[in-house]
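For clarity, every value in this text was computed on a predicted model and none was experimentally measured. Just so we're on the same page: letters track the sequence lines, and every chain starts at 1.
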Amino acid sequence: MKILVCMSVVPDTTTKITFTDNNTRFNTAGVQYIMNPYDELALTKALDIAEPAGGTATIIHVGPADSEPAIRKALSMGATDAVRINAEPLDAQFVAAQIADWAKDKAFDMILTGRESIDYNGGVVCPLIGAMLNIPSIQVITKLEVNAGTATIERDIDGGREIMTCTMPFAASAQKDLCEPRIPNMRGIMAARTKPLAVVEPVSVKTGVEYQSFELPQPKQGVRMISADAPEELIHLLRNEAKVI
Amino acid sequence: MSIFVFAESSDNQYKKSSFEAVSYAAEVAGKTGTTVTAVSIGKADNAAQLGEYGANTVISINGPAFDSFNSEIYAAAFAEVCKQGNASVAVISNTYCGKAMAGRVAVALNASLASNVVDYPDTSNGFLVKRGVFSGKAFAYVNLTSQVKVLALTPNSVEIKKNGSAAVVTSQSVAAVSSTCTVTGTNKITGKIPLTEAEVVVSAGRGMKGPENWNMVEELAEALGAATACSKPVSDMHWRPHSEHVGQTGITIKPNLYIAIGISGAIQHLAGVSSSKVIVVINKDAEAPFFKAADYGIVGDAFEVLPKLIQAAKSATAS
Ligand SMILES: Cc1cc2nc3c(=O)[nH]c(=O)nc-3n(C[C@H](O)[C@H](O)[C@H](O)COP(=O)(O)OP(=O)(O)OC[C@H]3O[C@@H](n4cnc5c(N)ncnc54)[C@H](O)[C@@H]3O)c2cc1C
Ligand SMILES: Nc1ncnc2c1ncn2[C@@H]1O[C@H](COP(=O)(O)O)[C@@H](O)[C@H]1O
């Protein structure tokens, strides 16, 4: 069993988002970077499947050297080895093309991603990789079991869940409920120091997506307080002033 | 050349987000001087109605392979008709199914892709689209430079415009690609409004004290025709299912109205809901940070406010 887990490195969830250079660049000053929470689920699931089968779970990340602490965290959770593609992750299509190109001749049984990265939230790296490698891509999975080469998968759909079977190889993206994320223990942290981390140079890819500028949401005009004794006033305002009900 | 739009359906009915996507495509077509072709895949009633939202032509693709959603099969079929019709822009809803297709469609069409799109493109100088990033904490403007563009449009981002008339529906036979995935069952939550598409969402947090008190939350939601949501600790403690958890590590939503009851308003929670048009906060603590992000607020005990609010909502919606 050979599993590839794609990891993005994202600003910590408490980060206050700001921009610099006339709103053209994300302000990284003082920002703490972490392993994308959904990718922790993807890795945990990969380990749960690979370990009993004597298989491997390889971490792949497209990003600069600054990401290495997060990669070490993934290794300390139990990943067998890691690959870093040495490039700025410009957009989802660029990232997927790098991963697909690296993985294409390595016969992975499964490629797992997170449901979305909590920074650029494309939620599209999984189907992009699937299409590029011409394998199925199953989004937002909440259950994954492998039995004799066939996976049984449950995935979220709008307003419910779908159950499917799929033969390997395939790509899938991890959603909450898939598992509880593993927390690295002391042994894992020690072991991670000596696990292989390969750095690979990117292939040239043109995606036709250029980030031009950023904008923060309009601040609220201020809150209008309503007495707790008169909730009917709230209903009235929602109907006649805000016109949302 | 034409703008192609995928009309997603569920249980034979087009989703509201599909009407938004068609309206959106019509607006873009108007600006760029082209037409709209809506593509319906699988069983759906009354494909001709897509014309009322601005589709000039409707293509319907049917057959046993299309009876249940498979992103590979659907994306390949949609991409196929886009290619045949020389599509310049393909619009898909940013729903779970839509997003699962969008990436594959972009690869098949060798197109630039933008998901989470929240507004019309600016075509005055290139093709600039606005998309949500950082779980709703910010927006990015991206220029799509490939000949073909694929856009996944966030539900509730644009208004539905119904000013056309029924369109002619052409059935087109498209060979389904083979897939090694088979859907063996579905588990639909029936009678409930899917959270991602709901116009009104009633959400509650740890302030509700326990799962046994959610009947009030549900009653208010029902009176307002709303979906229910919750904060992360509430789903972590299994008071409510994970599918209701909104926020940075949950679902990002964009309803017209978000009512937050007993939720403090932590930054990770706000991330997922701050794009809501109108936010109402009910909290017994006047200092709760959520009030800063609210349009309307009530300082009060949920257990006292809710029964009155439910009453008021019921009598208002009854009239
Ligand atoms: C990595 C990370 C990711 C996270 N992601 C998310 C996320 O996606 N979504 C999310 O929601 N959170 C997320 N959180 C958690 C977040 O930081 C907060 O802890 C959480 O949102 C708090 O939930 P709450 O408001 O329900 O509970 P509390 O913070 O406990 O707030 C309860 C509120 O209820 C009020 N209250 C109590 N009793 C009553 C009453 N009787 N009537 C009225 N009001 C009452 C209190 O005044 C208080 O404001 C994340 C945290 C981390 C560290
Ligand atoms: N720079 C990256 N390197 C490796 N994997 C990534 C990267 N960015 C995103 N991914 C993977 O793709 C998933 C979805 O990301 P996105 O499509 O950006 O929301 C993430 O959860 C990761 O598993």
B:Tyr141 ring center within less than 6.0 Å of A:Phe214 ring center: no
Most chain A-contacting option - heavy-atom pairs closer than 4.5 Å, from B:Ser115, B:Pro241, B:Ala286, B:Ser274: B:Ser115
For chain A, the option from B:Val278, B:Thr95, B:Val305 that forms the most heavy-atom pairs under 4.5 Å: B:Thr95
Options A:Glu215, A:Glu232, A:Lys243, ranked by heavy-atom pairs under 4.5 Å with chain B, top entry: A:Glu215
Side chain, backbone, both or neither of B:Thr184 within contact of chain A (heavy atoms, under 4.5 Å): both
Choice from A:Gln221, A:Glu210, A:Met164, A:Lys16 maximising heavy atom contacts with chain B below 4.5 Å: A:Glu210
Part of B:Val281 lying under 4.5 Å from any heavy atom of chain A: neither
Closest-packed option against chain B by number of heavy-atom pairs under 4.5 Å, given A:Val10, A:Ile129, A:Val124, A:Thr13: A:Thr13
Residue part contacting chain B, namely of A:Phe170, when any heavy atom lies under 4.5 Å: neither
Option that, when pairs with chain B are counted at under 4.5 Å, heavy atom only, ranks first among A:Val209, A:Thr18, A:Leu216, A:Val140: A:Val209
Contact class of B:Glu197 relative to chain A, heavy atoms under 4.5 angstrom: side chain
Flag if over 12 foreign heavy atoms under 6.0 Å of CG, A:Asp21: yes
Interchain contact, B:Ser235 with chain A, by part (heavy-atom threshold 4.5 Å): side chain
Top of B:Arg131, B:Gln147, B:His245, B:Lys130 for chain A proximity - count of heavy-atom pairs under 4.5 angstrom: B:Arg131
Interchain contact, B:Leu309 with chain A, by part (heavy-atom threshold 4.5 Å): both
N/O donor-acceptor pair under 3.5 Å between A:Asp101 side chain and A:Ala97 backbone: no
Most contacts with chain B, counted as non-hydrogen pairs under 4.5 angstrom, among A:Ile245, A:Ile138, A:Leu238: A:Leu238
B:Ser112 side chain to B:Lys149 backbone, donor-acceptor under 3.5 Å: no
Inter-chain contacts: residues 34-45 of chain A against chain B, heavy atoms under 4.5 Å: A:Pro37, A:Tyr38
Chain A contact via B:Glu8 - side chain, backbone, both or neither, heavy atoms under 4.5 Å: side chain
Expected output: side-chain B:Asn143 to main-chain B:Phe127 donor-acceptor under 3.5 Å: yes
Salt bridge (charged side-chain N to carboxylate O under 4.0 Å, His left out) between A:Arg182 and A:Asp48, intermediate numbers included: CA-CA 10 Å; A:Arg182 280 197 193 181; A:Asp48 289 348; 2.9 Å; yes
Listed partners of A:Lys143 passing side-chain hydrogen bond (donor to acceptor under 3.5 Å, both in side chains), at least two apart: none
From CA spacing to verdict: side-chain contact (heavy atoms from CB on, under 4.5 Å), A:Thr24, A:Gln212: CA-CA 6 Å; A:Thr24 57; A:Gln212 287 212 331; over 6 Å; no
Engaged part of B:Lys292 at the chain A interface, taking heavy atoms whose separation is under 4.5 Å: backbone
Atom group of A:Pro11 that falls short of 4.5 Å from chain B, counting heavy atoms: side chain
Residue-level contacts of residues 104-112 of chain A with chain B, using a heavy-atom cutoff under 4.5 Å: none
B:Ser276, part contacting chain A, at a heavy-atom distance under 4.5 Å: backbone
Parallel, tilted or perpendicular: ring planes of A:Phe26 versus A:Phe19, cut at 30 and 60 degrees: perpendicular
Contact class of B:Leu128 relative to chain A, heavy atoms under 4.5 angstrom: side chain
For B:Tyr96, all residues meeting ring-ring contact (aromatic ring centres under 6.0 Å, His included), sequence neighbours excluded: none
Region of A:Glu116 that comes under 4.5 Å of a non-hydrogen atom in chain B: side chain
Which atoms of B:Ala111 approach chain A - backbone, side chain, both or neither, heavy atom under 4.5 Å: backbone
Chi angles and distances behind the ring-ring contact (aromatic ring centres under 6.0 Å, His included) call for A:Tyr120, B:Phe134: CA-CA 6 Å; A:Tyr120 289 85; B:Phe134 297 103; 5.4 Å; yes
Contact class of A:Gln175 relative to chain B, heavy atoms under 4.5 angstrom: side chain
Residue A:Ile226 versus chain B: region with a heavy atom under 4.5 Å: both
B:Asn116, part contacting chain A, at a heavy-atom distance under 4.5 Å: side chain
B:Asp11 (side chain) donor-acceptor with B:Gln13 (main chain) under 3.5 angstrom: no
Heavy-atom donor-acceptor pair, A:Arg115 side chain to B:Gly250 backbone, under 3.5 Å: yes
Portion of B:Gln248 that has a non-hydrogen atom of chain A nearer than 4.5 angstrom: both
Which atoms of A:Ile153 approach chain B - backbone, side chain, both or neither, heavy atom under 4.5 Å: neither
For chain B, the option from A:Gly160, A:Gly222, A:Ser173 that forms the most heavy-atom pairs under 4.5 Å: A:Gly160
Side chain, backbone, both or neither of A:Thr167 within contact of chain B (heavy atoms, under 4.5 Å): both
Test item: B:Asn156 side-chain N/O and B:Ala198 main-chain N/O as donor-acceptor pair under 3.5 Å: yes
Ion pair check, A:Asp177 and A:Arg161, cut-off under 4.0 Å: yes
A:Gln139 side-chain N/O to A:Gly123 backbone N/O, donor-acceptor pair under 3.5 Å: yes
A:Ile118 portion near chain B, given a 4.5 angstrom heavy-atom threshold: both
